A.B. asks: 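Next up is a structure, given as C-alpha cells.
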Amino acid sequence: MRFAPSPTGPFHIGGARSALFNWLFARRYGGTFIVRIEDTDMERSTRESEENILAALRWLGMDWDEGVEVGGPHGPYRQTERLDIYREYVEQLLQKGCAYRCYCTEEELAAARDALLKKGEMPRYLGRCRSLSPEERVRLEAAGRKPVIRFRVPENRVINVNDLVRGDVSFECNGIGDFIILKSDGIPTYNFAVVVDDHLMSVSHVIRAEEHLPNTPRQILLYDALGWSPPEFAHVSLILGKDRSKMSKRHGATAVEQYQAKGYLPEALDNFLALLGWSPGGEEEILTMEALKQQFSLERVAKSPAVFDLDKLNWLNGHYIRQAPLGEITDLAIPYLEKAGYISTPLSEQKYAWVKMVVDAVREYLTCLSEITDHVAFFFADVVEAEEKEAKEVLAGEQVPAVLAALREKVAGGGEWTQADAKSVLKGAGKETGAKGKQVFMPVRVALTGSTHGPDLSQVMVILGKDKICSRLDRALKMIAGK
RNA sequence: GGCCCUAUCGUCUAGUGGUGAGGACAUCACCCUCUCAAGGUGGAGACAUGGGUUCGAAUCCCGUUAGGGCUACCA
C-alpha cells in the first residue's frame, strides 16, 4: 500500500481520508504502508507542504513503514530524487517505439484542441509528431524547440479496469490520445511516475480518489508497454461540500491543520473520515483507530460521493472530548486558555490542578477545544456582572437578599471544601430562609457567575473557592440594596 | 461538447429479489435536573423518474432526469 500525496498546499481533508483508507487497509491485512512524495510539479511543490502533510499524518496516528524520513528498500521516496530511474524507462519505451518526441508548441496544441471541441469530440492529442523523420527532428530542434515525450496510445483498443469499489469500468483508447510522459524539462508527468514507482515499490493495491479514475486506463497502458502487471485499483468517491460539489475552501475548513487548530481530536477526525464512504458491519459508529484497523475492508466502501457533515464531526469530537482522560483534555485545552489571556504557562502544580477542575466543569459543552474560552470567563474574572435580562430578573426576587446573606454567612471561614460541603451549605441556606430549589440555586448562580446557565453549581463553588464566593456575594448584595 | 462515475430519510449510511426499508448525526417531544449541556426514551422523516425482467423488485436490465469527476508539459 502507499499514500502518494503531492506537496502543493495545505493537506486536504480528502487526502487525509485517502491516506486513512490506505493505512487501514495495510494494517488490516498486514501490508506495508509507504509514503511517497509526488513532487514533479516543480511550480507548486514545496518542502513546507510536504512537512505539513507528514505532520498531519503523524497527528492522525498514521505511521508508515517505508517512505520519506524513515527510508526503506525502495528509496528514494521523493519523485524528484528518482529522475534517473524514470529516464531509464522512458528510454526503454522510446526504443520499443512505444513513445516518441513531440515538438508541438502550446499554441498549436490549443488550436487543435479547440478544433476537436468544436467538432464535439473528446479533446486529445492526435499524433501530429508520431512519425517525424530524423531530418524534421533535427530541423525542429535547430529551431530551438524542446521536445516532450509522448506515449503512443494504441488504436481501437478497450481498456478494462476491474475496480475494487466500482466494479468493471471500460475506456476506449481512441478517446485517449497520446499523452505526455516526460515534460520538456525532463521531469516525468504524474501518469508515468506513478506507474514506475508503484511497480518498483511493489505496490499491490492503489486506493485513491475517484478523480483519478480517468487516468487509470493510461496507467494500465503504461504497465502493459513496460511489461509489468498492474496493481489492483480502488477508486473512492469524492468528499463533497454542502452544495454537492467537490469540497473546497468555499465550503469551510478543508485543511487538516485547520481542524487541528480548532481543537478537533485526531481520534474524532479519523473516526469521522472513516465513516465518510465506509461503513462498519455493525451498528456502532464510534470506533477507535484500533477498531477501525480490525474492521476496515474495501467491500464496505460506498460508491456514491459523500457530503462532509460538520454536525456529525462535531458530535464525534464532543464525544471524544467528554470521554478522554481529563489530564489529556486539560493539556490540550491549556493553549487556548493561554491564548485568550486567562492563564500563563508554565503553570504551578496547584494552578494546574485548578485548571483541570475548570476543564472538567465545562468540557461537556464543547464541540471542539477552542470553544472552551466561551465558557470559562467567570472562573477567571475579578467581578461578574449580571447582564442578561433573565439574570437581572432572578436577582430581583424578594427572597434573594436573605438567601445570599445566609449563604454568605455559612461560607465564611474555613479553608478547602468539597462539592458535598458546597451542596450542604446551599441546602442550609435554603432551609434557613424558607426558599427552595430554583429560588436558592438561581440567585446564587447569577451572583457567582453572572449568568443563569452554567455547570453544576456546587462544582462551580468548589472551583471558585470561598474567597471569591464571598466577595461576589457581597457585591451582589450591595447591588441589590443599592437599587 | 466528449468520456467516465453516482443516485435509499435534510446529511452519512445498512440493504445485494420476498424487511413494518434498519442505524447514526441533525430535528421535535418527553424524562432526568437549580440552569445550560450531557445522558435516557419516543416521534417525524427516504428507495429521483419512466419502462421492462419476474409470481414478486430499493435490489437485475434499458431510457430519462439530476449531481459529480476528468478532459494540462497539475496531481
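Here the structure is a predicted model, which is why all the values come from computation and not from measurement. Each chain gets a letter, A, B and so on, in the order its sequence line appears, and its residues count up from 1.
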A.B. asks: Please determine whether the number of non-hydrogen atoms from other residues, nucleotides or ligands lying under 6.0 Å from atom CD of A/Glu141 exceeds 12.
C.D. replies: yes
A.B. asks: Using the C1' atom as the point on both nucleotides, what is the distance between B/A48 and B/U65, in whole Å?
C.D. replies: 8 Å
A.B. asks: Taking CG from A/Leu316 and C1' from B/U13, how many angstroms apart are they, rounded to a whole number?
C.D. replies: 14 Å
A.B. asks: OP1, OP2 of B/U6 versus side-chain N and O of A/Ser237: anything below 4.0 Å?
C.D. replies: no
A.B. asks: Go through the structure and list residues passing side chain to side chain contact (heavy atoms under 4.5 Å, CB included) with A/Ile187, not counting sequence neighbours.
C.D. replies: A/Thr40, A/Met42, A/Leu83, A/Lys183, A/Asp185
A.B. asks: Going by ring pair (Phe, Tyr, Trp, His ring centres under 6.0 Å), name the residues that satisfy it together with A/Tyr77, two or more places apart in sequence or in a different chain.
C.D. replies: none
A.B. asks: Both distances below 3.5 Å, Watson-Crick or wobble geometry, any strand: find the nucleotide opposite B/A24.
C.D. replies: B/U11
A.B. asks: Please confirm whether the backbone N or O of A/Val446 pairs with a side-chain atom of A/Thr449, one donor and one acceptor, at under 3.5 Å?
C.D. replies: no
A.B. asks: Look at all strands and tell whether A/Glu285 reaches a base, only sugar-phosphate, or nothing, counting heavy atoms closer than 4.0 Å.
C.D. replies: base
A.B. asks: Which whole-number value in Å describes the distance from A/Leu310 CG to B/A24 C1'?
C.D. replies: 16 Å
A.B. asks: If you measure from the C1' atom in B/A58 to the same atom in B/G20, how many Å do you get, rounded?
C.D. replies: 15 Å
A.B. asks: Without decimals, in angstroms, what is the distance between A/Asp163 CG and B/C70 P?
C.D. replies: 16 Å
A.B. asks: Which nucleotide sits closest to the side chain of A/Asp41: B/A14, B/G23, B/A75?
C.D. replies: B/A75
A.B. asks: Assign A/Asp309 to base, sugar-phosphate, or nothing according to its heavy-atom contacts below 4.0 angstrom with the strands shown.
C.D. replies: base
A.B. asks: What's the separation between atom CE in A/Met442 and atom CG in A/Leu457, rounded to the nearest 0.5 Å?
C.D. replies: 9.5 Å
A.B. asks: B/C62 and B/A7: how far apart are their P atoms, nearest whole angstrom?
C.D. replies: 14 Å
A.B. asks: Whole angstroms only, please: what is the NZ-C1' distance between A/Lys303 and B/C4?
C.D. replies: 14 Å
A.B. asks: Base, sugar-phosphate or nothing for A/His235? Non-hydrogen atoms, less than 4.0 Å.
C.D. replies: nothing
A.B. asks: Is A/Lys312 close enough to B/A24 that one of its side-chain N or O atoms is under 4.0 Å from OP1 or OP2 there?
C.D. replies: no
A.B. asks: If I take atom CG in residue A/Leu213 and atom C1' in nucleotide B/C70, what distance separates them, rounded to the nearest angstrom?
C.D. replies: 9 Å
A.B. asks: Could you write nucleotides 30-44 of chain B as a row of B, S and -, 5' to 3', where a protein heavy atom under 4.0 Å of any base atom gives B, of only sugar-phosphate atoms gives S, and otherwise -?
C.D. replies: ----BBBBSS-----
A.B. asks: A/His212 NE2 to B/C5 C1': how many Å, rounded?
C.D. replies: 15 Å
A.B. asks: How far, in whole Å, is B/C32 from B/A46 if one measures between their C1' atoms?
C.D. replies: 33 Å
A.B. asks: Might you point out which heavy atoms bring A/Leu132 and A/Arg137 nearest each other, and give the distance in Å?
C.D. replies: CB-CG, 4.0 Å
A.B. asks: Work out how far the C1' atom of B/C47 is from that of B/U8, and round it to whole angstrom.
C.D. replies: 4 Å
A.B. asks: Write down the atom of A/Leu464, the atom of A/Phe378, and the distance for their closest heavy-atom approach.
C.D. replies: CD2-O, 3.9 Å
A.B. asks: Now, which nucleotide makes the Watson-Crick or G-U wobble pair with B/C34, with each of the two distances under 3.5 Å?
C.D. replies: none
A.B. asks: B/G45 and B/U27: how far apart are their C1' atoms, nearest whole angstrom?
C.D. replies: 10 Å
A.B. asks: Looking for any heavy atom pair under 4.0 Å, which part of the strands does A/Gly277 touch: base, sugar-phosphate only, or nothing?
C.D. replies: sugar-phosphate
A.B. asks: With sugar-phosphate meaning primed atoms plus P, OP1 and OP2, does A/Thr8 contact a base, only sugar-phosphate, or nothing at under 4.0 Å between heavy atoms?
C.D. replies: nothing
A.B. asks: How far does the C1' atom of B/A21 sit from the matching atom of B/U13, given to the nearest Å?
C.D. replies: 13 Å
A.B. asks: Using the side chain to side chain donor-acceptor pair (under 3.5 Å) rule, take A/Asn215 and A/Tyr190 through it: C-alpha gap first, then chi angles, then the decisive distance, then the call.
C.D. replies: CA-CA 10 Å; A/Asn215 284 321; A/Tyr190 161 75; 4.7 Å; no
A.B. asks: With RNA chain B as reference, determine whether A/Trp278 or A/Ser170 sits nearer its 5' end, using the nearest nucleotide of each.
C.D. replies: A/Ser170
A.B. asks: What is the base-pairing partner of B/C70, counting Watson-Crick and G-U wobble geometry with both distances under 3.5 Å?
C.D. replies: B/G2
A.B. asks: Decide ring pair (Phe, Tyr, Trp, His ring centres under 6.0 Å) for A/His205 and A/Phe21; before the verdict, give the C-alpha distance in whole Å, the side-chain angles of both, and the deciding distance to 0.1 Å.
C.D. replies: CA-CA 11 Å; A/His205 297 258; A/Phe21 281 18; over 10 Å; no
A.B. asks: Write down the distance between NZ (A/Lys246) and P (B/G68), rounded to a whole number of angstrom.
C.D. replies: 12 Å
A.B. asks: Treating A/Arg300 as the side-chain partner and A/Ser279 as the backbone partner, does any N or O pair qualify as donor plus acceptor under 3.5 Å?
C.D. replies: yes
A.B. asks: C1' atom, B/C12 versus B/U6: distance in rounded Å?
C.D. replies: 16 Å
A.B. asks: Please report the distance, rounded to the nearest Å, between CD1 in A/Ile239 and P in B/U13.
C.D. replies: 10 Å
A.B. asks: Check this for me: does any side-chain nitrogen of one of A/Glu155 and A/Arg130 sit under 4.0 Å from a carboxylate oxygen of the other?
C.D. replies: yes
A.B. asks: Given A/Phe272, which partner from the list A/Trp278, A/Phe308, A/Tyr264, A/Tyr259 fulfils the ring-ring contact (aromatic ring centres under 6.0 Å, His included) test?
C.D. replies: A/Phe308
A.B. asks: With no hydrogens and no angle check, do the side chains of A/Ser451 and A/Glu388 hold a donor and an acceptor under 3.5 Å apart?
C.D. replies: yes
A.B. asks: Dump every N/O contact between nucleotides 71-73 of chain B and the protein below 3.5 Å, one line per pair.
C.D. replies:
unit_1	atom_1	unit_2	atom_2	d
B/U71	O2'	A/Pro123	O	3.3
B/A72	OP2	A/Arg113	NH1	3.3
B/C73	O2	A/Ser184	N	2.9
B/C73	O2	A/Ser184	OG	2.7
B/C73	N3	A/Ser184	OG	2.9

A.B. asks: Under the ring-ring contact (aromatic ring centres under 6.0 Å, His included) rule, what pairs show up with a residue in residues 417-454 of chain A, not counting sequence neighbours?
C.D. replies: none
A.B. asks: When the nearest nucleotide of RNA chain B is assigned to A/Val301 and to A/Asp168 on a heavy-atom basis, which residue is associated with the more 5' position?
C.D. replies: A/Asp168
A.B. asks: Which letters describe nucleotides 57-67 of chain B, given B = protein heavy atom under 4.0 Å from base, S = only from sugar-phosphate, - = neither?
C.D. replies: ----------S
A.B. asks: Considering every strand and a 4.0 Å limit on heavy-atom distances, what is the contact class for A/Phe308: base, sugar-phosphate, or nothing?
C.D. replies: nothing
